[in-house]
Amino acid sequence: MKKPVVRFAPSPTGYLHIGGARTALFNWLFARQNNGKFLLRIEDTDLERSKIEYVDQIKNALNWLGMDWDDDIIFQSKNNSNHQKVIKELIQSGDAYKCFLTKEELDNLRIQADKNKEVFRVPRTYRDTSEEKQNELIDEGRSYTIRLKVPEGITKFKDLVFGEIIVDNKDLDDFIISRSDGSPTYNFVVAIDDIAMDISHIIRGDDHIANTPKQILVYNALKKNVPIFAHLPMILGSDKKRLSKRHAATNVQEYRDKGFTPDSIINYLSLLGWNPDSNDEIFNINELIKLFNFKQVQKKSAVFDEKKLLWISGQKMKEMTSKDILKEILLIDKAWGKDHNNSYLESVISLTKDRSKNLIDIIDISDIFLINEVNYSDEFKSIMSDQNGTMIIKDFLNAVKIEESWDKQTVEKVFEQIMNQHDIGLGKVMKPLRIAISGISYGPGIFDMMILLGKDLTINRITNAINFYK
RNA sequence: GGCCCGUUCGUCUAGUGGUUAGGACUCAUGGUUUUCAUCCAUGCAACAGGGGUUCGAUCCCCCUACGGGCUGCCA
């Protein structure tokens, strides 16, 4: 195969959302798998809604996800002269024509057709109007659009996902390629730019399937090779509606803030509308590059399920090294653990990561190792007073104080001592101590916690707890 | 209305002209664990409906229903 050239073409009218990220991902995977090019084109022709800050957000989000693009970013608005040139060519070749029908006329015809229960078609009134007549109309001050002459016949293409799609050209109107203000329309520019960029494979959402024949007609009129199409199923919200701003979290940035790593998101996204043809579900990016193919891409739209994302993320936390996790945490919170050295922080992470679903979980659970003062809660008063907790931790404190060394063996020995002394099980001893050193009733193993905190801090916190719960 | 596309557990999906329709997430139950989580085991749970074709259809064909897209001087 000739090295493919693909593009991701978002319009900068909002941040990068999950659906866009998935489209970008499949483009990127395909390009990287085949040593092709992944180009980024910003479709900023909607001047009203396009904003430069959205361009930055899209770039940042792609960068964060690890999808690097080749060459310079292309801004569609900068191709305007080329668009105009091609429009002229098409008029000259007779493949497009000036149409003087007004919006009002068309609206009326539409209403009329609807009333008569007829299928509305744009009339081809001006298709063969002579140049003299056209000039007359222009002199009269009539405005015009430019329409493509849709030829007789059928238009078909073989979609890599959907298979062969055939459309009868008679179901297509002579569609507008240039508005009365001279600006070109979407279905036209997209084809022109893809030609200019030498795009070989167009990979995009399946909401474009119905547009594809029109774009092919533009290619045909210009006698250009039609690229290969691969349409991807949509991603839906839990209400089965197309993912939109109304849904809870659609912004890639939000998932970053929620503590998901790029690796988790990409892994999950890859499984939406695609399957690896195996029972495996956890992949890193390099594996995905190897495995991806259009044959396994689904035609059916997929519902975004945050629960599954969470599970994948949890699996990733377990398999990532503490060092790498620390790096990721620092990316979302520069100040995290700033009072401690990296080796301590990595030890903290190694105690918390297996019980965490994402980075934010780790940060939350790790808090007890980073704070200066434990926040004790009244909620545990009964354990401390009624269940003899205060006595236990006092005895533990005294026993620990006389110990010379501080390692797991020593701590376990002291625990045993207290268990015998009070004639109770480990659970009963552990609970009040856990609360004393962390302020909460759950978390990493109590021995591990004490060892990591160190003897001084352990003593210190138990003392504070005794004072608080006395 | 017209054209195009889709429909397997709640969700993501595998699958084949003959299967106990498989896996994963979720959920439930049990177990391991010093707590929580993890982990392990078990369980609940699906071929949209109707016609054909066929000895036999989840699978092939047709229709219907439902959902989506396009039908714009939006992208």
Side-chain angles (χ1 to χ4, degrees), chain A residues 9-11 13 43 45-46 48-50 76 99 101-103 106-107 110 113-114 116-122 143-147 159 161-163 165-168 170-173 175-187 189-190 205-214 231 233-234 236 238 240-242 268 271-282 296 298-312 314-315 317-318 352-357 361 365 412 415 419 425-431 433-435 438 440-447:
Chain A
S11 56
T13 53
E43 307 212 324
T45 44
D46 187 341
E48 304 252 312
R49 294 191 300 150
S50 295
Q76 191 159 63
C99 170
L101 291 167
T102 64
K103 199 172 167 52
L106 288 167
D107 285 346
R110 266 191 201 100
D114 208 43
N116 300 338
K117 300 205 165 161
E118 285 164 4
V119 177
F120 172 76
R121 290 269 82 100
V122 173
S143 68
Y144 60 87
T145 58
I146 294 168
R147 292 182 183 271
D159 191 281
V161 175
F162 285 83
I165 292 176
I166 304 172
V167 174
D168 196 323
K170 73 176 195 294
D171 292 320
L172 265 22
D173 285 320
F175 60 94
I176 293 176
I177 59 173
S178 174
R179 303 185 183 93
S180 51
D181 66 358
S183 63
T185 58
Y186 170 76
N187 281 125
V189 256
V190 81
D206 72 10
D207 48 338
H208 287 287
I209 286 181
N211 288 325
T212 306
K214 294 183 190 172
H231 287 95
M234 300 273 93
L236 312 177
S238 49
K240 304 224 177 184
K241 296 258 189 269
R242 219 169 133 167
Y268 178 64
L271 260 18
L272 273 187
W274 174 81
N275 74 78
D277 204 18
S278 77
N279 280 339
D280 300 338
E281 306 217 69
I282 304 297
Q296 308 302 128
Q298 205 75 10
K299 295 190 184 80
K300 188 179 79 161
S301 41
V303 173
F304 187 89
D305 178 16
E306 195 164 327
K307 288 242 176 71
K308 182 105 181 203
L309 203 211
L310 221 46
W311 175 77
I312 287 177
Q315 299 297 309
M317 292 299 107
K318 245 179 289 184
T352 56
K353 74 192 191 79
D354 287 1
R355 52 200 354 103
S356 301
K357 297 279 192 198
D361 275 1
I365 302 174
E412 273 180 50
F415 264 89
M419 282 157 69
L426 181 53
K428 287 258 163 52
V429 180
M430 189 206 69
K431 225 178 222 172
L433 278 164
R434 176 179 288 286
I435 291 161
S438 72
I440 49 177
S441 59
Y442 59 89
I446 186 85
F447 304 141

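Note that the coordinates shown come from a computational prediction; the quantities given were computed from them, not determined experimentally. Naming convention: chains lettered A, B, ... in sequence-line order (proteins, then strands); numbering from 1 in each chain.
Side-chain proximity of A:Ala210 to B:C70, B:C73, B:G72: nearest is B:C70. Picking from B:C70, B:C36, B:C3 the nucleotide with the shortest atom distance to the side chain of A:Asn211 gives B:C70. Distance from the side chain of A:Leu106 is smallest for B:C73 among the nucleotides B:A75, B:C73, B:U35. Residue A:Ile165 has its side chain nearest to B:C5 when only B:C5, B:G23, B:C36 are considered. Of the candidate nucleotides B:U71, B:G2, B:C74, B:G2 has the atom lying nearest to any side-chain atom of A:Asp171. Closest to the side chain of A:Trp311, from the set B:G1, B:C25, B:A75, is B:C25. Of the candidates B:U38, B:C73, B:A75, the closest approach to any side-chain atom of A:Ile176 belongs to B:C73.
When the C1' atom is compared between B:G18 and B:G56, the two are found 7 Å apart, to the nearest whole Å. A gap of 15 Å separates the P atoms of B:A37 and B:G31, to the nearest Å.
Using a 4.0 Å heavy-atom distance criterion, A:Lys299 is classed as a sugar-phosphate-only contact. Residue contacts shown for A:Glu48 are absent, as no nucleic acid heavy atom lies under 4.0 Å away. Counting non-hydrogen atoms under 4.0 angstrom, A:Leu236 reaches nothing in the nucleic acid. Here A:Leu101 lies in heavy-atom contact (under 4.0 Å) with a base.
Using the Watson-Crick or G-U wobble rule with both distances under 3.5 Å, B:C55 pairs with B:G18. Across all strands shown, the partner of B:A65 is B:U7, judged by Watson-Crick or G-U wobble contacts whose two distances both fall under 3.5 Å. Base-pair partner of B:A75: not found among the strands shown (Watson-Crick or G-U wobble, both distances under 3.5 Å). Across every strand in view, B:C70 sits in a pair with B:G2 that passes the Watson-Crick or G-U test at under 3.5 angstrom. Using N1 to N3 plus N6-O4 or O6-N4 for Watson-Crick, or N1-O2 and O6-N3 for G-U wobble, each under 3.5 Å, B:G30 pairs with B:C40.
Counting only distance, with no hydrogens or angles, the side chain of A:Asp173 and the backbone of A:Val122 share a donor-acceptor pair below 3.5 Å. Between the A:Lys353 side chain and the A:Lys318 main chain, a donor and an acceptor come within less than 3.5 Å of each other. Under a 3.5 Å cut-off, the side chain of A:Arg355 and the backbone N or O of A:Asp361 do not form any donor-acceptor pair. Although no hydrogens or angles enter the test, the distance criterion places a donor-acceptor pair under 3.5 Å between the side chain of A:Asn275 and the main chain of A:Asp277.
The phosphate of B:A37 has neither OP1 nor OP2 within less than 4.0 Å of any side-chain N or O from A:Lys353. When the side-chain nitrogen and oxygen atoms of A:Arg242 are compared with OP1 and OP2 of B:G69, one or more of them lie within a distance under 4.0 Å. The shortest distance between the side-chain N/O atoms of A:Gln315 and the OP1/OP2 oxygens of B:A37 is not below 4.0 Å. Distances shown here put a side-chain N or O of A:Arg179 below 4.0 Å from the OP1 or OP2 atom of B:C74.
Residue A:Asp206 contributes atom CG, which lies 12 Å from atom P of B:U7 at whole-angstrom precision. In this entry the distance linking CG of A:Asn187 with C1' of B:C70 reads 10 Å, nearest Å. Atom CZ of A:Arg355 and atom P of B:U34 are 12 Å apart (whole Å). For A:Asp354 and B:U33, the CG to C1' distance is 13 Å, given to the nearest whole Å. Residue A:Ile209 contributes atom CD1, which lies 16 Å from atom P of B:G68 at whole-angstrom precision. Put simply, NZ on A:Lys214 is 7 Å from C1' on B:C70, counting in whole angstrom units. Taking atom CD1 of A:Ile446 as the reference point, atom C1' of B:A37 lies 16 Å away to the nearest angstrom. Rounding to whole angstrom units, CD1 of residue A:Ile282 and C1' of B:G23 are separated by 14 Å.
In this structure, A:Ile365 CD1 and A:Ser438 OG are separated by 11.5 Å, a value rounded to the nearest 0.5 Å. One finds the CZ atom of A:Phe304 at 4.5 Å from the CG atom of A:Leu309 (value rounded to the nearest 0.5 Å).
Checked by distance alone, A:Thr185 brings no side-chain donor or acceptor within 3.5 Å of a matching partner on the base of B:C73.
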### Task
Report the C-alpha distance between A:Ile165 and A:Ile209 in whole Å, list the side-chain angles of each, state the deciding distance to 0.1 Å, and finish with yes or no for side chain to side chain contact (heavy atoms under 4.5 Å, CB included).
CA-CA 9 Å; A:Ile165 292 176; A:Ile209 286 181; 3.7 Å; yes

### Query
side chain to side chain contact (heavy atoms under 4.5 Å, CB included) between A:Ile282 and A:Trp311: does it pass, once the steps are laid out?
CA-CA 10 Å; A:Ile282 304 297; A:Trp311 175 77; 4.0 Å; yes

#### Entry: Pair A:Tyr144-A:Leu101, side chain to side chain contact (heavy atoms under 4.5 Å, CB included): steps then yes or no
CA-CA 7 Å; A:Tyr144 60 87; A:Leu101 291 167; over 6 Å; no

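The pair A:Asp181-A:Arg179 does not count as a salt bridge, with every side-chain nitrogen at least 4.0 angstrom from each carboxylate oxygen.
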Mind listing the N/O atom pairs, protein and nucleotides 9-15 of chain B, below 3.5 Å?
from: B:U11; atom 1: OP1; to: A:Lys240; atom 2: NZ; distance (Å): 2.5
from: B:C12; atom 1: OP1; to: A:Val303; atom 2: N; distance (Å): 2.9
from: B:C12; atom 1: O2'; to: A:Leu271; atom 2: O; distance (Å): 3.0
from: B:U13; atom 1: OP1; to: A:Gly273; atom 2: N; distance (Å): 2.5
from: B:U13; atom 1: O3'; to: A:Asn275; atom 2: ND2; distance (Å): 3.0
from: B:A14; atom 1: OP1; to: A:Asn275; atom 2: ND2; distance (Å): 2.2
from: B:A14; atom 1: OP1; to: A:Gln298; atom 2: OE1; distance (Å): 3.3
from: B:A14; atom 1: OP2; to: A:Gln298; atom 2: OE1; distance (Å): 3.2
from: B:A14; atom 1: OP2; to: A:Gln298; atom 2: NE2; distance (Å): 3.0

